[in-house]
2 protein chains.
Amino acid sequence: MGITKTDHFTNKQNQIATLAKAIGHPARVAIIDYLLKVDSCICGDIVNELPLAQATVSQHLKELKNAGLIKGNIEGNAICYCIDEKALSKLQSYFEHISKHLINKKSKCC
Amino acid sequence: MGITKTDHFTNKQNQIATLAKAIGHPARVAIIDYLLKVDSCICGDIVNELPLAQATVSQHLKELKNAGLIKGNIEGNAICYCIDEKALSKLQSYFEHISKHLINKKSKCC
DNA sequence: ATTGTATATCGTAATATTGCTATAAACTAA
DNA sequence: TTAGTTTATAGCAATATTACGATATACAAT
């Protein structure tokens with residue numbers, strides 16, 4: 001069917017999945033990397049950084065924005081994109097939680 | 001086209017994307033949650049936990065396995081799945097790295 | 001007003017994902 | 001052997017994603 005049964009899972013599970021899915025493409029990882037690298041939140045030269053057409057980059061930016069991972073401010077002609085800390089700290093604490101959990105029960109199996 | 005241009009991105013970027021993509025579905029988040037919850041790495045009653053058909057669960061497990069997030073050991077009749085710490089620590093350190101980076105340059109924009 | 005620059009959106013094609021039923025494979029137990 | 005249990009795979013339909021060129025929108029500068 002290709003349609004995800006989101007309503008059968010918890011909010012938390014859907015939230016994490018949505019965020020992870022948004023990061024689940026190398027172009028979008030590259031965008032995040034770039035936004036981290038440039039110290040001010042540089043605008044649309046992301047297109048020049050990536051080996052993709054402008055339309056494709058715009059689409060990827062939209063997905064990152066929809067997932068809440070980045071924010072965009074209109075700045076005159078261009079747009080200023082930057083990382084949304086809240087979303088990333090959500091992911092960070094999720095994986096930290098898992099890692100801590102794993103340390104406690106090391107080598108019980110597999 | 002629907003085909004990802006992986007060869008234009010770095011190994012690291014592709015690696016993170018692959019791992020994140022595997023987590024990018026609520027059923028797979030639920031599987032990870034379950035593997036964390038049950039203390040021993042319980043086998044195939046994951047199917048009973050999820051609101052999905054057995055074949056679908058098997059498919060999700062396969063994807064998690066392909067991405068390296070879980071391991072599976074044959075145990076007589078059943079299979080013993082459990083989380084692969086290495087993959088998760090990779091993700092954890094990635095997001096930790098980002099979070100640290102963000103603290104340093106707080107509120108420069110947006 | 002016209003031209004240039006920066007982004008977004010539309011439409012389209014190729015491919016991937018999700019989910020199911022049905023079936024196979026591999027082992028256990030009677 | 002036969003039957004039951006557990007997991008994987010094949011095949012299929014519906015939907016989603018990725019990527020592009022073409023075009024639209026919005027502002028800036030001349």
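We use all heavy atoms of the structure for the numbers below, so side chains are in, but hydrogens, waters and symmetry mates are not.
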Between Ala53(A) and Lys21(A), whichever has its closest DNA chain D nucleotide further toward 5' is Lys21(A)
Mind checking side chain to side chain donor-acceptor pair (under 3.5 Å) for Gln54(A) and listing every partner two or more places apart, or none if nothing turns up? none
Partners of Val29(B) by side chain to side chain contact (heavy atoms under 4.5 Å, CB included), sequence neighbours excluded? Gln13(A), Ile16(A), Ala17(A), Tyr94(A), Ile23(B), Asp33(B)
Any His60(A) side-chain N or O less than 4.0 Å from OP1/OP2 of dA19(D): yes
Where protein sits on nucleotides 22-30 of chain C, one letter per nucleotide: B base, S sugar-phosphate only, - none, heavy atoms under 4.0 Å: B----BS--
N or O in side chain of Thr56(B) less than 4.0 angstrom from dC20(C) OP1/OP2: yes
Parallel, tilted or perpendicular: rings of His60(B) and His25(B) (30°, 60°): tilted
Indicate whether OP1 or OP2 belonging to dT6(D) is found under 4.0 Å from a side-chain N or O atom of Tyr81(B). no
Residue Lys62(B), side-chain heavy atoms: nucleotide from dA8(C), dT18(C), dT9(D) that is nearest: dT9(D)
Between dT6(D) (C1') and Ile46(B) (CD1): distance, integer Å: 12 Å
Protein-nucleotide distance (Asn48(B), atom CG; dT6(D), atom C1'), rounded to Å: 11 Å
Under 4.0 angstrom between Ser58(A) side-chain N/O and dT7(C) OP1 or OP2: no
